[in-house]
Asker: 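There's a structure below that I have some questions on.
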Amino acid sequence: MVVTRFAPSPTGYLHIGGLRTALFNWLWARKNGGRFILRIEDTDLSRNSDKAVRAILEAFDWVGLNYDGEVEYQSKRFDIYKEYIQKLLKEGKAYYCYMSKEELDALREEQQKRGERPRYDRRYRDFDGEPPKGVQPVVRIKAPLEGDIVFEDGIKGTVTIRADELDDFIIARSDGTPTYNFVVAVDDALMGVTDVIRGDDHLYNTPKQILVYRALGLNIPRFYHVPMILNESGKKLSKRDGAMDVMEYKRMGYLPEALLNFLVRLGWSYKDQEIFSLEEMQKLFDPSDINKSASAYNLSKLDWLNSHYIKNTPNQRLSELLEDFGVYLQSHDKKEILLDALKERAKTLKEMAEMAKEILEAPREYDEKGMKKALKGEWREILESFLKSLESADPRLPAEFHEIIKSVVEQKGIGFGKIGQPLRLALTGRLGGPDLADIMAVIGKEETIQRVREFLQRNS
RNA sequence: GGCCCCAUCGUCUAGCGGUUAGGACACCGCCCUUUCACGGCGGUGACGGGGGUUCGAGUCCCCCUGGGGUCACCA
């Protein structure tokens, strides 16, 4: 049984790096028919926020990642941690340290001045005298004094850390609350986690956690340390890069399947394949195929994926999604024509909504450059004769509107562009956009006539 | 700074001693077309540098350079 977990600390929104890590864990668990646990790492009571937890859950919900069982909160498990800390204390594998924060800071400063690596000097490791009065001690674990900590990382390979790089790190603060490296190991073991896939900024926590596993006699999971995601200029991702919040992608009009597809290909690949459904990802993903080097994201690839998924999304779902962007098509009788025309050329839902509005709403102004380009020669006569033909017919379908344009073209002996360009300006105010016949079918005969008349009037 | 990790087109990547170094995004050109897109075809473009090992290195080793991570009573 494979058990994975995603264990964010609730200090802000879920960002795309976190989402990718979650996705990797989720895929691996699902692929193996295992369990995927969501655990909130909130042992530092002063930094938690419910809002952050809700933001994470909201993002999970949006992209469709589900987790097994209830969300685990470490803040609710302090009794368990306390028990294990007592156990280590009793067995002499951990000890109370009465050094105050101030003393520690002073020591560190001194060490740094001497050009040494700042570290705790283990002064209370074998202390058996009278503890100083009025000091609430922390609990430190006894790290080995010599030798190496070695573990096999599924991505990085064999990782060796010399014991003298490790401190007797703190496992319980002076207020009694346990610290990260301790609770992570305890929880991963107690929850039966078999595979830990996480950012490689945790690589150095791993030997510390291994010390905890060993001291407690718990099973050590397999580790996969995933390289970071860099911003578009190859630098570390920071809040300044914008669009860090996963939900921001929803607001920008990206489909969750596009985002997931984009993220899964950051650091992982399968042959030359670019498009992966969730099912394909599950079938093909293996964390040991993840790259060793960091990868920078580029939005244009996301755009491409998004437009691909938009093209392949049923119109019903598109029209539902478009409502978030202020376009309501559910009861529009020509919505199929409109959606079919738009989904071919939109990169995002937001863009699609804007294009829809351009068609659905009469233009308030006409593109100047377009006017210069298109309003040449006989354009007025052409539009007038188009109006005449249109008024005497009763077109409903795009093909029928097309016939009318065609009749004018033939009657006048002109090219399609001679009528198409001015007509475009009259209908939508600009030169780009879907097929004219589609546009006219969507807005209907009367609205078409009205817009052309308005156009002629305003440009007389 | 100490310790550690990483290094193929601008970007994401394939490559696991012998390849004209492949694909994708982006970019450019052509075709399609009433326009803008889509689509099709084609093109520009990479093994960071230096030493080895080998008959033969993008692939293995070392050094340099560059990037990153980490050194908390944060997670």
Side-chain angles (χ1 to χ4, degrees), chain A residues 7-11 41-44 46-48 74 97 99-101 104-105 108 112 115-120 136-140 153 155-157 159-162 164-167 169-181 183-184 199-205 225 227-228 230 232-236 262 265-275 291-305 307 311 341-347 355 370 373-374 402 405-406 409 414-425 428 430-437:
Chain A
S9 61
T11 52
E41 312 251 314
D42 54 354
T43 53
D44 186 354
S46 61
R47 296 184 3 145
N48 300 333
Q74 293 186 319
C97 168
M99 200 171 177
S100 71
K101 209 177 274 183
L104 237 185
D105 287 343
R108 267 199 276 267
Q112 255 163 344
E116 290 169 17
R117 192 175 92 87
R119 62 188 310 170
Y120 173 62
Q136 284 296 317
V138 299
V139 178
R140 289 180 180 272
D153 188 275
I155 295 171
K156 307 273 183 188
V159 178
T160 305
I161 281 93
R162 286 207 314 277
D164 60 24
E165 289 291 320
L166 261 29
D167 265 357
F169 61 93
I170 293 172
I171 58 175
R173 303 181 182 90
S174 46
D175 67 1
T177 58
T179 60
Y180 171 75
N181 281 119
V183 298
V184 166
D200 71 0
D201 49 335
H202 285 290
L203 194 65
Y204 281 82
N205 287 323
H225 286 96
M228 311 259 87
L230 275 20
E232 295 203 82
S233 22
K235 297 287 179 194
K236 192 191 174 186
F262 172 69
R265 282 286 286 101
L266 241 41
W268 177 82
S269 63
Y270 178 76
K271 296 186 179 170
D272 280 342
Q273 191 167 337
E274 295 289 348
I275 307 289
N291 281 168
K292 289 175 152 190
S293 54
S295 36
Y297 73 69
N298 61 324
L299 266 349
S300 55
K301 186 121 178 198
L302 211 209
D303 281 343
W304 173 73
L305 282 164
S307 60
K311 280 188 205 91
L342 259 27
K343 70 204 282 190
E344 285 299 319
R345 58 202 87 212
K347 288 203 285 284
M355 292 192 288
K373 203 172 151 193
H402 185 79
I405 298 179
K406 211 172 126 193
V409 164
I414 54 173
F416 229 113
K418 284 271 187 276
I419 178 171
Q421 300 291 70
L423 191 49
R424 254 174 208 294
L425 283 170
T428 65
R430 59 183 204 89
L431 290 184
D435 188 285
L436 275 171

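Quick note on labels: first sequence line is chain A, next is B, and so on, each numbered from 1.
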Asker: Using the salt bridge (charged side-chain N to carboxylate O under 4.0 Å, His left out) criterion, which residues pair with A/D153? Sequence neighbours excluded.
Answerer: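 Not a single residue meets the salt bridge (charged side-chain N to carboxylate O under 4.0 Å, His left out) criterion with A/D153.
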Asker: My understanding is that only residues two or more places apart in sequence, or in another chain, count here; which of them pass ring pair (Phe, Tyr, Trp, His ring centres under 6.0 Å) with A/F169?
Answerer: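 With sequence neighbours excluded, A/F169 shows a ring pair (Phe, Tyr, Trp, His ring centres under 6.0 Å) to no residue whatsoever.
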Asker: Any chance you could list the contact pattern along nucleotides 69-75 of chain B? Use B for base contacts, S for sugar-phosphate-only contacts and - for none, protein heavy atoms under 4.0 Å, 5' to 3'.
Answerer: BSSSBBB
Asker: Return the value, rounded to whole Å, for the distance between atom CG of A/L230 and atom C1' of B/rU11.
Answerer: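 Interatomic distance, CG of A/L230 to C1' of B/rU11: 11 Å.
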Asker: B/rA75 and B/rA57: how far apart are their C1' atoms, nearest whole angstrom?
Answerer: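 My reading of the C1' atoms in B/rA75 and B/rA57 gives 44 Å.
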Asker: Mind calculating the distance between OH (A/Y270) and C1' (B/rG22) to the nearest angstrom?
Answerer: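 About 16 Å, once rounded to whole Å.
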Asker: Between B/rC16 and B/rG23, how far is it from one P atom to the other, in whole Å?
Answerer: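 Looking at atom P only, B/rC16 and B/rG23 are 16 Å apart.
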Asker: Return the polar atom pairs (N/O with N/O) between nucleotides 40-47 of chain B and the protein under 3.5 Å, or none.
Answerer:
none

Asker: Partners of A/D272 by side chain to side chain contact (heavy atoms under 4.5 Å, CB included), sequence neighbours excluded?
Answerer: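 Per chain and number, A/D272 pairs via side chain to side chain contact (heavy atoms under 4.5 Å, CB included) with no residue.
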Asker: CG of A/D153 versus P of B/rC6: gap in Å, rounded?
Answerer: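 Between P of B/rC6 and CG of A/D153: 10 Å.
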Asker: For A/R162, give me all partners under salt bridge (charged side-chain N to carboxylate O under 4.0 Å, His left out), at least two apart in sequence or on another chain.
Answerer: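 Residues passing salt bridge (charged side-chain N to carboxylate O under 4.0 Å, His left out) with A/R162: A/D164, A/E165.
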Asker: Which whole number of Å gives the distance between the P atom of B/rC12 and that of B/rC3?
Answerer: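 Those two atoms are separated by 29 Å.
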Asker: By salt bridge (charged side-chain N to carboxylate O under 4.0 Å, His left out), which residues pair with A/D303, not counting sequence neighbours?
Answerer: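 Partners of A/D303 by the salt bridge (charged side-chain N to carboxylate O under 4.0 Å, His left out) criterion come out as none, since no residue qualifies.
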Asker: Looking only at the aromatic ring of each residue, does the gap between the centers of A/Y204 and A/H225 stay below 6.0 angstrom?
Answerer: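 No; A/Y204 has its ring centre 6.0 Å or more from that of A/H225.
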Asker: What pairs with A/K343 under side chain to side chain contact (heavy atoms under 4.5 Å, CB included), at least two apart in sequence or on another chain?
Answerer: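 If we apply the side chain to side chain contact (heavy atoms under 4.5 Å, CB included) test to A/K343, skipping adjacent residues, the hits are A/I310, A/N315, A/L318, A/D340, A/M352.
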Asker: With rounding to whole Å, what would you report as the distance between B/rU54 and B/rU59 at their C1' atoms?
Answerer: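 It comes out at 13 Å once rounded to the nearest Å.
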Asker: Taking B/rC9 as the reference, what is the distance to B/rC28 when you measure between their C1' atoms (whole Å, please)?
Answerer: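 These two C1' atoms come out 15 Å apart once rounded.
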Asker: Got a sec, which residues hit side chain to side chain donor-acceptor pair (under 3.5 Å) with A/K301, two or more places apart in sequence or on another chain?
Answerer: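 Scan of A/K301 (side chain to side chain donor-acceptor pair (under 3.5 Å), adjacent residues dropped) gives A/E274.
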Asker: Taking the same atom, C1', in B/rG2 and in B/rC61, what whole-Å distance lies between them?
Answerer: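 It comes out at 25 Å once rounded to the nearest Å.
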Asker: Could you measure between the two P atoms, the one in B/rA46 and the one in B/rC38, and give it in whole Å?
Answerer: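 Looking at atom P only, B/rA46 and B/rC38 are 26 Å apart.
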Asker: Is there a Watson-Crick or G-U wobble partner for B/rC55 with both distances under 3.5 Å, and if so, which one is it?
Answerer: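 Across any shown strand, B/rC55 pairs with B/rG18.
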Asker: Is the number of heavy atoms from other residues, nucleotides or ligands within 6.0 Å of NZ (A/K311) greater than 12?
Answerer: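 Counting other residues, nucleotides and ligands, NZ of A/K311 exceeds 12 neighbours.
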Asker: In the strands shown, is B/rA37 matched to any nucleotide by a Watson-Crick or G-U wobble pair with both distances under 3.5 Å, and which?
Answerer: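 Checking every strand shown, B/rA37 finds no partner, since no pair has both distances under 3.5 Å.
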Asker: With both distances under 3.5 Å as the test, what is the Watson-Crick or G-U wobble partner of B/rG42?
Answerer: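 B/rC28 - that is the nucleotide pairing with B/rG42, both distances being under 3.5 Å.
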Asker: For nucleotides 24-36 of chain B, just jot down a letter per nucleotide in 5' to 3' order: B, S or -, based on protein non-hydrogen atoms under 4.0 Å.
Answerer: BBS-------BBB
Asker: Does B/rU13 have OP1 or OP2 under 4.0 Å away from a side-chain N or O of A/S295?
Answerer: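 Yes, within the criterion.
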Asker: Identify, between A/K156 and A/E344, the residue whose nearest nucleotide on RNA chain B lies closer to the 5' end.
Answerer: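 The residue whose closest nucleotide sits nearer the 5' end is A/K156.
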Asker: Apply salt bridge (charged side-chain N to carboxylate O under 4.0 Å, His left out) to A/R119 and list each qualifying residue two or more places apart in sequence or on a separate chain.
Answerer: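 With neighbours one apart ignored, the set is A/D167.
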Asker: Distance check needed: B/rC38 C1' versus A/M355 CE, whole Å only.
Answerer: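 The answer, rounded to whole Å, is 11 Å.
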Asker: Any idea which heavy atoms bring A/G433 and A/R345 closest together, and the distance?
Answerer: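 For A/G433 versus A/R345, the nearest heavy atoms are O-NH1, 3.3 Å.
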Asker: Which nucleotide, in any strand shown, forms a Watson-Crick or G-U wobble pair with B/rC73, with both distances under 3.5 Å?
Answerer: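 Paired with no nucleotide.
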Asker: Calculate the interatomic distance between A/H225 atom NE2 and B/rG68 atom C1'; express it in whole Å.
Answerer: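 Atom-to-atom, A/H225 to B/rG68, this comes out as 15 Å.
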Asker: Quick one: list whatever passes side chain to side chain donor-acceptor pair (under 3.5 Å) with A/S269, sequence neighbours left out.
Answerer: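 Once residues adjacent in sequence are excluded, A/S269 has no partner under the side chain to side chain donor-acceptor pair (under 3.5 Å) criterion.
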Asker: In whole angstrom, what separates A/L266's CG from B/rC12's C1'?
Answerer: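 The answer, rounded to whole Å, is 7 Å.
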Asker: Would you mind telling me which of B/rG39, B/rA14, B/rC6 lies closest to the side-chain atoms of A/K311?
Answerer: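 For the A/K311 side chain, the nearest candidate turns out to be B/rG39.
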Asker: Taking atom P in both B/rG10 and B/rG69, compute the distance separating them and give it to the nearest angstrom.
Answerer: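 Straight-line distance between the two P atoms is 23 Å.
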Asker: Just to be sure I understand the rule, does A/G370 reach a base, reach only the sugar-phosphate, or reach nothing, if contact means heavy atoms closer than 4.0 Å?
Answerer: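 If one applies the 4.0 Å heavy-atom cut-off, A/G370 turns out to touch nothing in the nucleic acid.
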Asker: Mark yes when over 12 heavy atoms from residues, nucleotides or ligands other than A/K156 sit less than 6.0 Å from its NZ; otherwise mark no.
Answerer: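 Enclosed: over 12 neighbouring heavy atoms sit under 6.0 Å from NZ of A/K156.
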